[in-house]
Amino acid sequence: MSSSGKRKDEEVRASDNDDESETHAPPKKVAKPADEIEDIFICNLDKNRRVFVRNCNGRIWIAIRQFFVKDGITLPCNKSISLSLEQWNDLRDHEEDIDKALSDLSEV
């Protein structure tokens, strides 16, 4: 055994695997075709935030997206949140609690 506790043939196999990983590139990410994603614009929350209902591969999401303007073109930011229908319904179920908390905080 070598000083690292491995047998020599294990060291050779480990180095062979290292060589293989260097020759194979990781798989590239493929963007989803536009026909698999459908956005329905709902409203503007402010100048840079918009609400959409999105159908992505048969799953429905409520998306709040942030946008920015670059060279006169409006582009989406990485800042966004998407809620599943279950999450959206949970949020709606707590509407009264949220309103009460908002009024309690505004009184302070």
Side-chain angles (χ1 to χ4, degrees):
M1 267 199 255
S2 67
S3 61
S4 66
K6 290 184 178 180
R7 287 188 274 158
K8 250 189 179 172
D9 57 342
E10 287 176 343
E11 290 175 0
V12 170
R13 277 188 264 152
S15 66
D16 288 345
N17 289 340
D18 291 343
D19 293 339
E20 288 176 14
S21 64
E22 291 175 13
T23 59
H24 297 291
K28 293 188 177 188
K29 293 183 179 178
V30 179
K32 294 181 181 179
D35 60 345
E36 291 182 23
I37 299 175
E38 178 184 354
D39 282 346
I40 300 171
F41 172 76
I42 302 299
C43 66
N44 286 316
L45 294 179
D46 62 23
K47 178 176 120 179
N48 294 324
R49 289 188 186 96
R50 300 176 187 169
V51 179
F52 296 89
V53 174
R54 170 176 273 198
N55 182 346
C56 182
N57 295 327
R59 295 202 55 196
I60 307 296
W61 301 90
I62 291 75
I64 301 172
R65 304 283 317 261
Q66 187 166 331
F67 291 81
F68 68 98
V69 177
K70 182 178 180 182
D71 299 328
I73 300 170
T74 303
L75 301 168
C77 291
N78 291 337
K79 296 180 181 180
S80 68
I81 185 168
S82 295
L83 301 174
S84 67
L85 284 179
E86 181 181 344
Q87 293 168 328
W88 172 251
N89 289 328
D90 286 344
L91 183 63
R92 283 187 15 198
D93 291 343
H94 290 89
E95 177 183 8
E96 291 176 10
D97 298 331
I98 294 169
D99 286 339
K100 184 179 180 330
L102 288 171
S103 68
D104 290 348
L105 287 175
S106 63
E107 291 174 2
V108 174

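Residue indices begin at 1 and follow the sequence shown. Quick note: numbers below take in every heavy atom, side chains included, and nothing from hydrogens, waters or symmetry partners.
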Query raised in the report: Hey, quick one: are Ile81 and Phe41 part of the same hydrophobic cluster, counting side-chain heavy atoms closer than 4.5 Å, chains of contacts allowed?
Result: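 Each belongs to a different hydrophobic cluster.
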Query raised in the report: Are Val51 and Ile37 linked, directly or through other ILVMFWY residues, by side chains that come within less than 4.5 angstrom of each other?
Result: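 Not linked; separate clusters.
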Requested in this report: Using atom types as modelled and distance alone, determine if a side-chain donor or acceptor of Asp46 lies under 3.5 Å from a backbone N or O of Asn48.
Outcome: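 At least one qualifying donor-acceptor pair exists.
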Starting at [atom1] of [X], measure out to [atom2] of [Y] and round the result to the nearest 0.5 Å.
{"X": "Cys43", "Y": "Phe52", "atom1": "SG", "atom2": "CZ", "value": "9.5 Å"}
{"X": "Gln87", "Y": "Leu91", "atom1": "CD", "atom2": "CG", "value": "9.5 Å"}
{"X": "Leu45", "Y": "Gln66", "atom1": "CG", "atom2": "CD", "value": "10.5 Å"}
{"X": "Glu38", "Y": "Ile40", "atom1": "CD", "atom2": "CD1", "value": "5.0 Å"}
{"X": "Arg54", "Y": "Ser80", "atom1": "CZ", "atom2": "OG", "value": "8.0 Å"}
{"X": "Ile60", "Y": "Leu83", "atom1": "CD1", "atom2": "CG", "value": "13.5 Å"}

Requested in this report: Output yes when Asp97 and Lys100 qualify as a salt bridge under the 4.0 Å nitrogen-oxygen rule, no when they do not.
Outcome: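 Salt bridge between Asp97 and Lys100, a charged N being under 4.0 Å from a carboxylate O: no.
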**Report entry** Which atom of Phe68 lies closest to which atom of Pro76, heavy atoms considered
**Finding:**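 Heavy-atom minimum between the residues: CE2-O, 3.7 Å.
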Requested in this report: Could you tell me whether Trp61 atom CH2 has more than 12 heavy atoms of other residues or ligands within 6.0 Å of it?
Outcome: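 Buried by this count: over 12 neighbours within 6.0 Å.
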Query raised in the report: Within 45° of the six-membered ring axis of Phe67 and under 6.0 Å from that ring's centre, is NZ or CZ of Arg50 located there?
Result: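 Yes, cation above the ring, under 6.0 Å and within 45°.
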